[in-house]
Amino acid sequence: MAMEKIEDRACFGGRQQVWQHDSATLGCRMRFAVYLPPQAQQQECPTLYWLSGLTCNEQNFITKAGAQRYAAEHGVVIVAPDTSPRGDSIANDAGYDLGQGAGFYINASQSPWAPHFRMYDYIVDELPSMIEANFPVTAARSISGHSMGGHGALMVALKNPGRYRSVSAFSPIVAPSQVPWGEKAFAAYLGNDRNSWLAWDSCALVATAGERLPLLIDQGDADEFLANQLKPELLQQACNEAGHPLTLRMQPGYDHSYYFIASFIGEHIAHHAAALHSL
């Protein structure tokens, strides 16, 4: 699988790179960012996968979150893919919350989305296989994300017991089948059978999760999307009912922005590093 490096910059003793490749899963050219900490020059390092939110690409996290200094401190590789397939031949929508930039990390089954919108398969299978074949990484993986990407991180971890050492999220869409963002996207990508949506909904997945991987969530209480789109209380209730471990930290005064992410990303990377470096 041909890969092309299109950015490479020194950063906290390591390298912040951006690569592009032709994705067999998505049927288009994709980009992903990878931060290689200084430790990767001498040894293989574990990997944290970051999933970004609506309208984002691989650039948002690497330029705004300030994560590299903490990844360098803990010896963790960070991989940040784009949020959807892209290109002139790829289906799209005029809204910011559907189509390109809004893949929701699921596999679409409906036309015109099904041929390309298979972000779940890309995140779970194709991307890590490519990372582990081409970069100095171990098989230890963790996953995190923000908003739509927080939904993706929680959902992917819950659906793949044993694949990730840890999972966390900032401001995640925890119940996409019950909020406007998710209802719009799931109806388009999956069709009108709402029961089929539950296979991609973290609040539904915790009830039958094959692993009790603890969930770490930070949520700002001044988030403009808190009441209508995010509803963390629904996940809290689902976890209580299922006996699934959840740490939900409501952070006073913080909104939905990368200022919020940058304020707590160091704690999240330390959380993941502890799991990733454990035997």
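Below, all heavy atoms of this structure are taken into account, side chains as well, without hydrogens, waters or symmetry copies.
Distance alone, capped at 3.5 Å, is enough to place a donor-acceptor pair between the Arg165 side chain and the Leu276 backbone. A distance-only check finds no donor-acceptor pair linking the side chain of Gln16 to the backbone of Cys11 [under 3.5 Å]. The backbone N or O of Met250 lies less than 3.5 Å from no partner atom in the side chain of Asp221, so there is not a single donor-acceptor pair. Listed for the Gln39 side chain is a donor-acceptor partner under 3.5 Å among the backbone atoms of Ala72. No side-chain donor-acceptor contact under 3.5 Å links Tyr122 to the backbone of Ala24. Here the side chain of His116 pairs a donor or acceptor atom with the backbone of Leu26 at under 3.5 angstrom. Although no hydrogens or angles enter the test, the distance criterion places a donor-acceptor pair under 3.5 Å between the side chain of Gln100 and the main chain of Gly87. When atom types are taken as modelled, the side chain of Lys159 and the backbone of Ala199 share a donor-acceptor pair closer than 3.5 angstrom. Under the 3.5 Å distance criterion, the side-chain polar atoms of Trp197 are matched with a main-chain donor or acceptor of Gly191. Between the side chain of His277 and the backbone N or O of His74 there is at least one donor-acceptor pair closer than 3.5 Å.
When the options Ser168, Pro232, Pro172, Ser171 are evaluated for a side chain to side chain contact (heavy atoms under 4.5 Å, CB included) with Ile217, the one that passes is Pro172. With Trp200 as the partner, the ring pair (Phe, Tyr, Trp, His ring centres under 6.0 Å) test is satisfied by one option alone out of Phe186, Tyr120, Phe104: Tyr120. Applying side chain to side chain contact (heavy atoms under 4.5 Å, CB included) to Arg212 and the options Pro161, Pro245, Cys239 leaves one that passes, Pro245. Just one of Leu51, Asp121, Val124 meets the side chain to side chain contact (heavy atoms under 4.5 Å, CB included) condition when paired with Tyr105; it is Leu51.
In this structure, Tyr259 places its OH atom where only 12 or fewer heavy-atom neighbours from other residues, nucleotides or ligands lie under 6.0 Å away.
Rounded to the nearest 0.5 Å, atoms OG1 (Thr63) and CD (Gln68) are 8.5 Å apart. Here the CE atom belonging to Met148 is positioned 10.0 Å from the CG atom belonging to Asp97, to the nearest 0.5 angstrom. How far CD of Gln219 is from CG of Leu230: 5.0 Å, rounded to the nearest 0.5 Å. The OG1 atom of Thr25 sits 10.0 Å away from the CD1 atom of Ile123 when rounded to the nearest 0.5 Å. The distance from atom NE2 of His256 to atom NE2 of His146, rounded to the nearest 0.5 Å, is 3.5 Å. Rounded to the nearest 0.5 angstrom, Leu248 CG and Gln251 CD are separated by 9.5 Å.
Using a 4.5 Å cut-off on side-chain heavy atoms (C-beta onward), Arg118 and Glu126 make no contact. Side-chain contact check for Ile261 versus Lys64: every heavy-atom pair is 4.5 Å or farther apart. Using a 4.5 Å heavy-atom threshold, the side chains of Met155 and Ile106 count as touching. Counting only heavy atoms from C-beta outward, the side chains of Ile78 and Phe61 approach each other to under 4.5 Å. Proximity of Ile173 to Gln229: side-chain heavy atoms (C-beta onward) are nowhere separated by under 4.5 Å. No side-chain heavy atom of Val137 sits under 4.5 Å from any side-chain heavy atom of Glu44. Side-chain contact between Pro214 and Thr247 is absent, with no heavy atoms from C-beta onward closer than 4.5 Å. Ser147 has its side chain within reach of Trp181: a pair of non-hydrogen atoms, C-beta onward, lies under 4.5 Å apart.
Note on Val167: it clusters hydrophobically with Val77, by side-chain heavy-atom contacts below 4.5 Å among ILVMFWY residues. No path of Ile, Leu, Val, Met, Phe, Trp and Tyr side chains, each step under 4.5 Å between heavy atoms, connects Tyr70 with Val79, placing them in separate hydrophobic clusters. Both Trp113 and Ile90 belong to a common hydrophobic cluster when Ile, Leu, Val, Met, Phe, Trp and Tyr are linked at side-chain heavy-atom distances under 4.5 angstrom. A single hydrophobic cluster is not seen to contain both Leu48 and Tyr164; linkage of ILVMFWY side chains at heavy-atom distances under 4.5 Å, directly or through other members, places them apart. Hydrophobic clustering places Leu127 together with Phe117 (ILVMFWY residues linked when any side-chain heavy atoms are closer than 4.5 Å, directly or through intermediates).
Nearest heavy atom pair, residue Leu213 against residue His244, reads O-NE2, 2.9 Å. The nearest pair of heavy atoms linking Pro37 to Ala71 is CB-O, 3.7 Å. Smallest separation of non-hydrogen atoms from Asn57 and Asn60: N-OD1, 3.0 Å. Minimum heavy-atom separation, Cys28 to Pro85: SG-CB, 3.6 Å. Residues Ala153 and Gly145 approach most closely at CB-N, 3.9 Å, considering heavy atoms. Counting all heavy atoms, side chain and backbone alike, Pro81 lies closest to Phe32 at CA-CB, 3.8 Å.
Inspection of the Ser177 and Asp201 side chains reveals an N or O donor paired with an N or O acceptor under 3.5 Å. Between Gln237 and Glu233, the side chains place no donor N or O within less than 3.5 Å of an acceptor N or O (distance only, hydrogens not considered).
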Side chain to side chain contact (heavy atoms under 4.5 Å, CB included) assessment of Ile62 paired with Val18: CA-CA 10 Å; Ile62 66 175; Val18 176; 4.0 Å; yes
From CA spacing to verdict: side chain to side chain contact (heavy atoms under 4.5 Å, CB included), Tyr49, Ile131: CA-CA 11 Å; Tyr49 289 86; Ile131 295 298; 3.7 Å; yes
Test log, rule side chain to side chain contact (heavy atoms under 4.5 Å, CB included), inputs Met30 and Met130: CA-CA 12 Å; Met30 289 293 288; Met130 186 167 50; over 6 Å; no
Evaluation steps, side chain to side chain contact (heavy atoms under 4.5 Å, CB included), between Val206 and Leu246: CA-CA 10 Å; Val206 294; Leu246 166 67; over 6 Å; no
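The pair Asp8-Arg15 meets the salt-bridge criterion, since a charged nitrogen lies less than 4.0 angstrom from a carboxylate oxygen. Under a 4.0 Å N-O distance rule, the pair Glu267/Arg249 qualifies as a salt bridge.
For Phe264 and Tyr254, the ring centers sit closer than 6.0 Å to each other.
Classification of the Phe135-Trp19 ring pair by plane angle, with boundaries at 30° and 60°, yields perpendicular.
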